[in-house]
Enquirer: 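Sharing a structure, written as structure tokens. Questions coming.
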Amino acid sequence: MSKEITSKAVDYSQWYNDLIIKGGLADYSAVRGCMVIKPYGYAIWENMRDQLDKMFKETGHENAYFPLFVPKSLFEAEEKNAEGFAKECAIVTHYRLKADPENKGKLIVDPEAKLEEELVVRPTSEAIIWNTYKGWIQSYRDLPLLINQWANVVRWEMRTRLFLRTAEFLWQEGHTAHATQEEAVEETVQMLNVYATFAETFMAMPVIKGVKSANERFAGAEDTYCIEALMQDGKALQAGTSHFLGQNFAKAFDVKFTDKENKLDYVWATSWGVSTRLIGALVMAHSDDQGLVLPPKLAPIQVVIVPIFKGEEQKQLIDEKVKVLQQQLKTAGIKVKYDDNDNNRPGWKFAEYEMKGVPVRIAIGARDIANNVVEVARRDTKEKMSMPIDGLAENIIQLLGDIQAAIFNKAKHFRDDHITDANSWAEFIELLDEKTGFIAAHWDGTSETEDKIKELTKATIRCIPLNNKAEEGKCILTGNSSSQRVLFARAY
RNA sequence: CGGGACGUAGCGCAGGCCGGUAGCGCACCAGGCUGGGGGUCUGGGGGUCGCAAGUUCGAAUCUUGUCGUCCCGACCA
């Protein structure tokens, strides 16, 4: 009983931390605000990455890699972007250390090794990328330019949380250049849809697609599209963003092209990204007090087989049977692990793999072999069933599919139950505090009102949903006229 | 950057008020009994008590300083 998890009803935040640490996803590190992603957590990221990468390539994108460092002068070029990120940038000012003459065995920054121009450790790569694109784009024939980068970025956050907000994090950032505004907007929406599909199909996490209000817009964007998810504590989490950048970066970095009519114009841009934050979202969307609940499509281990035996003779019998089963499951494309480690007893293993969120557990003992069955337990419902050994792989594939669908539906029901209309300020406050979740309310469309609401309630406009229906109403705070409801929530 | 908590074995903690040989649980090592929900018995290894000064015959314990981490908030993906 060495690995107890704090109940999420008692302390949601502690529950989340316990899952990450005890589930073996990540560890605290010696660096403030930075975490170590452990193999099991990294395996989830690899699965996310591989799938997203495939989807990016299917939509015509290529991968490239740009430098970690951005010369300050480039970083400054797009004013709004620079201003937005300035206060969370790490800066390289020197390139050398030397032995401390006053303190043996210690090093100090060599004052003679000061850089002429400081380097910003990228918090995002627009600047370095657009500076590069300038040299790559001359003609409409060079467009569209569709590039993605898998990278790490650094944002010096005041307060960090495992996966949700760390000073350094892994992500992908797509940066595209287009000949027309329409095409750039189309790209922005296309990538938003890729993210939404990924979140719902692979993470089993329902999301709302929408557009950000001006307050929440990416620094330097004309429009920020986003997918918003709901966590089990009723707080919203921005899971991905896709930005229409207009010609802002093209103008800042002087990226022009000649069109078919031989006219010179600035290119139109997009950028879009998702990060390791998705792992935090995944954890908070589905898990319970026994540990992680991972969707089969992203689980590093989809099926674990636990042998139950008395003595070597039984063990050998089981080993032989499992060897065959394991091969059948692998052939069927299932990620399966046989845990015949003799240090831990079955009960310990059951608890351990529940902690780690393995979707399906198969227990097999001499008794089962005699009956030509195995015991199958699903993580999401804890339900146990007996399955015939013959045709096991087909049944397991079916079961994995069922689990994927079940956890999506469960999350979707929860989410749908937590989108509530508020028609008065009093109702708005009560919903925020009691029911939580998304609150659909009228808003007069001004930044001032949004700021005021945030100040009073800590709730922000998560998004204006795409295809939002028009509805005349009065702003929840000011009573001014409004033409549609927007979604408010407290958010991560 | 404000508020709070905590630094003692790999992890989780006690000891501290009242200074006097460094403790517990888990984990680890060797072996036994075990095995269908975190089993059990025996034996064993592991510590400059975050760091630095000070008080004292003597400091994990008292004093001062310092560094670090986590949690809550503002900021943000």
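First the proteins, then the strands, lettered A, B, ... as listed; each starts at 1.
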Enquirer: Rounding to a whole Å, what distance do you find between A:I227:CD1 and B:A77:P?
Expert: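 Going from A:I227 (CD1) to B:A77 (P), I get 15 Å.
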
Enquirer: Write down the distance between CH2 (A:W156) and P (B:C75), rounded to a whole number of angstrom.
Expert: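 So the two atoms are 21 Å apart, to the nearest Å.
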
Enquirer: Are any of the side-chain nitrogens in A:R490 or A:D433 under 4.0 Å away from the carboxylate oxygens of its partner?
Expert: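 So A:R490 pairs with A:D433 through a salt bridge.
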
Enquirer: Are A:K72 and A:E76 within salt-bridge range, i.e. N to O under 4.0 Å?
Expert: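 Judged by the 4.0 Å cut-off on N to carboxylate O distance, A:K72 and A:E76 do form a salt bridge.
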
Enquirer: Under 3.5 Å, is there a donor-acceptor pair linking the side chains of A:Q238 and A:K212?
Expert: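 Side-chain D/A pair, A:Q238 to A:K212: present.
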
Enquirer: Are A:R155 and A:T124 side-chain neighbours, meaning at least one heavy-atom pair lies under 4.5 Å?
Expert: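 Yes, their side chains come closer than 4.5 Å.
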
Enquirer: Distance between the P atoms of B:U63 and B:U56, in whole angstroms?
Expert: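 Approximately 16 Å lies between the P atom of B:U63 and that of B:U56.
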
Enquirer: Go nucleotide by nucleotide along RNA chain B from the 5' end; which of A:A219 and A:A366 gets its closest nucleotide reached first?
Expert: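 Whichever sits nearer the 5' end wins; that is A:A366.
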
Enquirer: When you compare B:C57 with B:A52, how far apart are their P atoms, in angstrom units rounded to a whole number?
Expert: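 My reading of the P atoms in B:C57 and B:A52 gives 22 Å.
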
Enquirer: Just the rounded figure in Å: distance from C1' of B:G35 to CD1 of A:I369.
Expert: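 In whole Å, B:G35 C1' and A:I369 CD1 are 15 Å from each other.
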
Enquirer: Please check if atom CD in A:E79 has more than 12 non-hydrogen atoms from other residues, nucleotides or ligands closer than 6.0 Å.
Expert: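 No, not enclosed.
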
Enquirer: Check every strand shown and say whether A:L237 touches a base, only sugar-phosphate, or nothing at a heavy-atom separation below 4.0 Å.
Expert: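 Nothing: the residue A:L237, judged by heavy atoms under 4.0 Å, touches no strand.
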
Enquirer: Which donor-acceptor pairs under 3.5 Å do side chains of residues 34-48 of chain A form with protein atoms, sequence neighbours excluded?
Expert:
residue	atom	partner	partner atom	Å
A:Y40	OH	A:K356	O	2.6
A:N47	ND2	A:A43	O	3.4
A:N47	ND2	A:L298	O	2.9

Enquirer: Suppose the criterion is ring pair (Phe, Tyr, Trp, His ring centres under 6.0 Å): which pairs have a residue in residues 220-243 of chain A, not counting sequence neighbours?
Expert: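 Matches after skipping sequence neighbours: A:F218-A:H243.
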
Enquirer: Mind checking which stems touch RNA chain B? I mean at least 3 consecutive Watson-Crick or G-U pairs, both distances under 3.5 Å.
Expert: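 When the pairs of RNA chain B are grouped into runs of at least three, the stems are B:1-7 with B:67-73, B:10-13 with B:23-26, B:28-33 with B:39-44, B:50-54 with B:62-66.
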
Enquirer: Tell me: CZ of A:R361 to P of B:G36, nearest whole Å?
Expert: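 Distance check: A:R361 CZ to B:G36 P gives 12 Å.
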
Enquirer: What nucleotide among B:C75, B:G38, B:G36 has an atom nearest to a side-chain atom of A:A351?
Expert: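 The nucleotide sitting nearest to the side chain is B:G38.
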
Enquirer: Output the single nucleotide from B:C75, B:G37, B:G36 whose closest atom is nearest the side chain of A:A363.
Expert: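 My answer, after comparing the listed nucleotides, is B:G36.
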
Enquirer: Heavy atoms from C-beta onward define the side chain here; which of B:C75, B:A74, B:A77 lies closest to that of A:K87?
Expert: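 Comparing B:C75, B:A74, B:A77 against the side chain of A:K87, the answer is B:C75.
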
Enquirer: Mark yes or no: A:R277 above the aromatic ring of A:F169, with NZ or CZ under 6.0 Å from the six-membered ring centre and no more than 45 degrees from the axis.
Expert: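 Ring-cation test returns no.
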
Enquirer: Could you go through nucleotides 32-34 of chain B and list every protein N or O atom that sits under 3.5 Å from one of its N or O atoms, giving the distance for each pair?
Expert:
none

Enquirer: With distance as the sole criterion, do the side chain of A:D368 and the base of B:G36 form a donor-acceptor contact below 3.5 Å?
Expert: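 Side chain to base: pair present.
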
Enquirer: Between B:A5 and B:A77, how far apart are the two P atoms, rounded to whole Å?
Expert: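 B:A5 and B:A77 have their P atoms separated by 32 Å.
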
Enquirer: Using ring centroids (six-membered ring only for Trp), state whether A:F488 and A:F428 fall under 6.0 Å.
Expert: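 Yes, the ring centres sit under 6.0 Å apart.
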
Enquirer: Grab the CH2-C1' distance between A:W348 and B:U40 for me, whole Å please.
Expert: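 Value for this atom pair: 17 Å.
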
Enquirer: Can a donor-acceptor pair be found between the side chains of A:Q190 and A:T59 at a distance below 3.5 Å?
Expert: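 Their side chains do not contain a donor-acceptor pair, so the 3.5 Å distance test is not met.
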
Enquirer: For B:U61 and B:U21, measure between their P atoms and round to the nearest Å.
Expert: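 Between the two P atoms, the distance is 14 Å.
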
Enquirer: Determine whether the side chains of A:D233 and A:Y16 contain a donor N or O and an acceptor N or O closer than 3.5 Å.
Expert: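 No, A:Y16 and A:D233 have no side-chain donor paired with an acceptor closer than 3.5 Å.
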
Enquirer: I'd like to know if A:K315 pairs up with A:D319 as an ion pair, taking the criterion as any Lys NZ or Arg NE/NH1/NH2 lying under 4.0 Å from an Asp or Glu carboxylate oxygen.
Expert: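 Salt bridge flag = yes for A:D319 with A:K315.
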
Enquirer: Please list, for nucleotides 8-13 of chain B, all pairs of protein and nucleotide N/O atoms separated by less than 3.5 Å.
Expert:
none

Enquirer: Could you run down the sub-3.5 Å N/O contacts of the protein with nucleotides 67-71 of chain B?
Expert:
residue	atom	partner	partner atom	Å
B:U69	OP1	A:R32	N	3.0
B:C71	OP1	A:N17	ND2	3.3

Enquirer: How many whole angstroms separate atom OH of A:Y225 from atom C1' of B:A77?
Expert: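 Rounded to the whole Å, the gap is 19 Å.
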
Enquirer: Can you tell me the distance, in whole Å, between the CG atom of A:N371 and the C1' atom of B:G36?
Expert: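 Taking atom C1' of B:G36 as the reference, CG of A:N371 is at 13 Å.
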
Enquirer: Could you measure between the two P atoms, the one in B:U66 and the one in B:U48, and give it in whole Å?
Expert: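 Result for the P pair: 26 Å, nearest Å.
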
Enquirer: Check the pair A:Y12 / A:K235 against side-chain hydrogen bond (donor to acceptor under 3.5 Å, both in side chains), numbers first and verdict last.
Expert: CA-CA 11 Å; A:Y12 192 84; A:K235 284 170 84 173; over 6 Å; no

Enquirer: For the base of B:G37, is there a side-chain donor-acceptor partner from A:E354 under 3.5 Å away?
Expert: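 For A:E354, whose side chain was compared with the base of B:G37, there is a donor-acceptor pair (under 3.5 Å).
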
Enquirer: For the pair A:E228 (side chain) and A:L230 (backbone), establish whether a donor and an acceptor sit closer than 3.5 Å, ignoring hydrogens and angles.
Expert: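 A pair under 3.5 Å: no.
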
Enquirer: What is the nucleic acid contact for A:Q238, judged by heavy atoms within less than 4.0 Å: base, sugar-phosphate only, or nothing?
Expert: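 Touches sugar-phosphate only.
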
Enquirer: Could you measure between the two C1' atoms, the one in B:G32 and the one in B:G23, and give it in whole Å?
Expert: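 Going atom to atom, C1' in each nucleotide, I get 28 Å.
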
Enquirer: Rounding to a whole Å, what distance do you find between A:D339:CG and B:G38:C1'?
Expert: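 Those two atoms, CG and C1', are 13 Å apart.
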
Enquirer: Determine yes or no for a side-chain-to-main-chain donor-acceptor pair under 3.5 angstrom, with A:N131 supplying the side chain and A:A127 the backbone.
Expert: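 A pair under 3.5 Å: no.
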
Enquirer: Return the orientation label for the A:F249 and A:F253 ring planes: parallel under 30°, perpendicular over 60°, tilted otherwise.
Expert: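 Because their plane-to-plane angle is under 30°, the rings of A:F249 and A:F253 count as parallel.
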
Enquirer: The side chain of A:F169 lies closest to which of these nucleotides: B:G73, B:G35, B:A77?
Expert: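 It is B:A77.
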
Enquirer: Using a 4.0 Å heavy-atom cut-off, does A:K212 contact any base of the nucleic acid, only the sugar-phosphate backbone, or nothing at all?
Expert: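 Result for A:K212 = nothing.
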
Enquirer: Between the side chains of A:E354 and A:R361, is the shortest nitrogen-to-carboxylate-oxygen separation below 4.0 Å, so that they form an ion pair?
Expert: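 Counted as a salt bridge, because a side-chain N and a carboxylate O are separated by less than 4.0 Å.
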
Enquirer: Given the structure, check if the side chain of A:K349 and the base of B:G36 hold any donor-acceptor pair shorter than 3.5 Å.
Expert: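 Answer is no: no donor-acceptor pair is held.
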
Enquirer: Measuring only the C1' atom in each nucleotide, how far is B:G38 from B:U55? A whole number of Å is fine.
Expert: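 To the nearest whole Å, 49 Å.
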
Enquirer: Give the nucleotide from the list B:G35, B:A77, B:C75 with an atom nearest to the side chain of A:I308.
Expert: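 Nearest listed nucleotide: B:G35.
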
Enquirer: Please classify the nucleic acid contact of A:K315 as base, sugar-phosphate, or nothing, using heavy-atom distances under 4.0 Å.
Expert: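 Touches nothing.
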
Enquirer: Hey, which of these two, A:Y492 or A:E375, hits RNA chain B nearer its 5' end, going by closest nucleotide?
Expert: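 The answer here is A:E375.
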
Enquirer: Pick the P atom in B:G20 and in B:G15, then give their distance to the nearest Å.
Expert: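 Their P atoms lie roughly 14 Å apart.
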
